[in-house]
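A short worksheet on the structure shown next.
Note: hydrogens, waters and symmetry copies are ignored here, and every other heavy atom, side chains too, is used. Letters go in sequence order (proteins before strands), and every chain restarts at 1.
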Amino acid sequence: MPEITKSYESRDIEKKWYAAWLEAKCFAGRVDAAREPYSIAIPPPNVTGVLTMGHVLNNTIQDILIRRARLEGKSALWLPGTDHAGIATQTVVERELRKQKQTRHDYGREKFVEKVWAWRQEKGGIILEQLRRLGASCDWDRTAFTMDPAYSQRVIAVFVELFNRGYIYRGKRMVNWCPGTQTALSDEEVIMKPVNGLIYRVRYELTNAPGNFIEVKTTRPETIPGDVAIAVHPDDPRYTALIGQTVRRPIGPAAEMPIVADSAVDKEFGSGALKITPAHDKTDYEIGLRHRLPVIDVLNPNGSLNELAGPELAGMDRFAARKKAAEMLKANGALVAEEPYSNNVGYSERADVPIEPRLTEQWWLRYPKIEEAKAAVRDGHIKFYPERWSKVYLHWLENIQDWCISRQLWWGHRIPVWYRKGANRSEPQNWHVSVNGPADPQDWEQEDDVLDTWASSWLWPFATLGWPDAEEMKRAGFNYFYPTTTLVTGPDIIFFWVARMIMAGLELVPNGSAEAGNRIGSKPTQGATGALESLSGIRHSVSEIAPAASGPLTAKQIEARIPFRNVYFTGIIRDQQGRKMSKSLGNSPDPLDLIDAYGADGLRFGIISIAPQGQDIRFQEDRIESGKNFCNKLWNASRFRQMSGEAGDNSSLGAVMARIDPPKFDSDDHAILERLLATTRDVDRCLAEFEFSAAVQALYGFFWNDFCDWYVEVSKAKLQAADTKANCLAIQDLVLRQALLLLHPFIPFITEELWQLLGYAKPGAFIEDSRAEGGDELAKSYASRGLALDHEQIATVQNLKAFVSQARALKAEHNLASRRDVKFSVITSDRDWSILSANAAKANRLAGAAELVRRESVEGAPAAVTALGTLYLDLASTVDVGAEKIRLTKELEALTKHVAGTEARLANQAFVSKAPPAVLEGARKQLADQQAKRAELERLLKSLG
RNA sequence: GGACCUUUAGCUCAGUUGGUUAGAGCGUUUCGUUGACAUCGAAAAGGUCACUGGUUCGAGUCCAGUAAGGUCCA
């Protein structure tokens, strides 16, 4: 057995084990009917992405779940991949082109897309390499990409199918237009930001009453050339007489515009009159429709003004034009005033510029299975952790709007619609919609637009498992791994991704064997087998593998179709000031630097320990450091074990247990095994409830405080005695074994290394080839060895710990902390003296005492009252009586307060009659203990004079 | 405007169904190179649990309201 070195060096060990795991194909997700499946589909990072602290947290949690599942004997699959991230990726490549003063238009669509692929080939997906450094145990052979040919075909097939089912339509509507990237966006991609700007009061002159005006307020004077009317509320008495009259447009091409009455106008806002610019405002557009007003679009796609805005404004950027328009209004007397104004403006999520409402033809999706999607979460088929996010989810579904799925980009899945050449594109009879295109391509032109990225990633959990190709599904183990067990993601993409995946699953997943019945340990049922076989050879036929449901789905169908059973929402990682970590702020540490400094295990342990469920996380590097320190502690405790004696048979739990000898147990043995069992149960529960940081804290406290600070320390005395040594080593082996198994999902590298070094591994096997026994199994194992934990002995350990602590405090109080030759005496009962003398060797060692003697009386020595008697520090020199009195008086005062409180509680008739007996009993015992201690303190003080 | 979250030690946070003297890590002070670990050990100081009211024998915990900070949706 190689010797364990003095300190833990993570670097080489991480490299070594990751390579070994890959070599042995430990991460492969295998269909195994004898095992329960556990599957996770990774939230695919952008192909342009690099590892951030958010990814570290998110993927560490997924790895914990997956590795724990393996240790529980499940067959685990963690399916990795990346997202082509339409806008983000196209922007990155365009930025590179711009450095050479080029645009994508210099290349044309085909060549530009080639460039993007080349970029992806060279630089994309770095993040997957980085995840390996973190220890992520993904099944890399299954790595998917949303632009892979197979995946792309699936995306296209879904478009065709949903079109055929009537969910997709083309329509001219107001969309969120991003002038930066020059594409339409979905509502979800628009971020509302408060903006401080100006609001302009502008007057419009009445055509047939010169010198009379109607006033409006607007933040966008540059759109006045697009005005087509003034609207007032029909019930607004101020304007009743004016309805039907006309006004002159104050700037831009001259025009007379009607004053119309519409109840959508807010009487309270400004003067109660509204300028109507149907091309540039959603409400205006709707009012325009009602009054059959023309639409005058004065903006170019890039946000500059066009010739319809008039010669003075044409060609100017919208913000420059705003100033210019204000000047023009001022010049011709139409500007009444400009006032500071704060309002919410929609910004493009990606380009971070204000979006423009713009009337364009786009492709829209009416969401399928909305009601079932609500039911899936409301009725608990899918569980959200923390539960409260389900409210946000349900609220969004209640108010759901159709999804604009077309994007005016080149990088993405090109929409599979062809228009008959020269024909009107707005008329469906001129469309061809199919996966492979028309048979006579020369007569058709394909739609230029691509799909929203999310319209591909919403298929992720099933499209990565071969769906809808029957053969591929069989190969990928679709029926075994779907629905996936858990999704781990951020709450910021509930709408973008989580909700949409649920609806996609409900609409598109076949009624496979899962729906028919039990998947585990039995062959697929007749029906399912038949379905798969009859479909073999059919490629991408969504309608055959997942026919449209004829009516609302039943609960059973929902259960089978949902893409995941649990959703764990992580918090957002913030810096010390509480700001979101972002590239532009430069406040995000590079996780790879942290791995270099603290090890992947240290980073994982640290980040998990500061990430409570459901709360945002304040990043602190010192917690990562403490993760590293914990690894070092684990390392050194193992080293101590190795140095303490020969290795025994550690090949299994049974083998270790067989070396444990209950008749030789002392109170410390009982106590540590009780804590081991309690910690195991604690971790079991925490992991079942996704309480990762609580699990880590339980393990930290157990290992550091209970095991290292106490058990290992008392071992030093026990290991000297021949009759206790073997049992003590066996107990250490048991504790270390269980600790490594419980810790492995959190800190996989060091636990694997120690598992091997301490001889727990079978030849050629890894730690994850073993089972992590749960609390119940561990308890059974205790029982099978005839071990019954003795709670009286366990309580004794508590008293001994306090006793040692008091002794140390007395020493420190008198500047003797470093001395190991101090003598103590104790006044105590026969019973407590027997405990003390039985544990004298350990206690003296821990307290740094030369000896502990029992006396009938002691005079003038510093003392402390403990549960095992009154402890005295023997001092050769005279005691500082004054200081000693002050110390004891302070303690007495505090205690007296507590006694009074407890007495008052017990004197309260209502308490005595209503409190449960256990509480009452506890209070009485507490009072008795406190009173005894108080009496002893009073006696001590009296003896000091 | 609607919804949600947070407020506990100097800092970051635990505190499960109400029940001993409210805990941890870091930081601070003092002491310590005792043959696992200075990436360590020991001791100590430090909290009217944001505020007000209510329910209760009993509230950090439950309820109502207020204040401050944050998030999402309009």
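Proximity note for Lys6(A) (side chain, C-beta onward) versus U16(B), U39(B), A38(B): the nearest is A38(B). Distance from the side chain of Gln620(A) is smallest to U12(B) among U12(B), G19(B), U16(B). Among the nucleotides U20(B), A43(B), C5(B), the one closest to any side-chain atom of Gln926(A) is U20(B).
Between C40(B) and Asn629(A), a contact under 4.0 Å exists linking OP1 or OP2 to a side-chain N or O. Residue Trp704(A) has no polar side-chain atom (N or O) positioned under 4.0 Å from OP1 or OP2 of G25(B).
Classification of Glu3(A) and Arg639(A) as a salt-bridged pair fails, no side-chain N sitting under 4.0 Å from a carboxylate O. The pair Arg737(A)-Asp733(A) fails the salt-bridge criterion, with no side-chain N (NZ, NE, NH1 or NH2) lying under 4.0 Å from an Asp/Glu carboxylate O. A salt bridge links Lys193(A) with Asp352(A); the closest basic N to acidic carboxylate O contact falls under 4.0 Å.
Note: Phe690(A) and Phe692(A) have perpendicular aromatic rings, judged against thresholds of 30 and 60 degrees for the angle between ring planes.
With hydrogens and angles ignored, a donor-acceptor pair under 3.5 angstrom links the side chain of Lys633(A) to the base of C37(B).
Applying the side-chain hydrogen bond (donor to acceptor under 3.5 Å, both in side chains) test to every pair with at least one member in residues 683-700 of chain A, sequence neighbours left out, gives these pairs: Arg68(A)-Asp684(A), Arg685(A)-Glu689(A).
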Pairing of RNA chain B as dot-bracket, 5' to 3': ( ) intra-strand, [ ] crossing, | other strand, . unpaired, with Watson-Crick or G-U pairs under 3.5 Å? (((((((..((((.....[...)))).(((((.......))))).....(((((..]....)))))))))))).
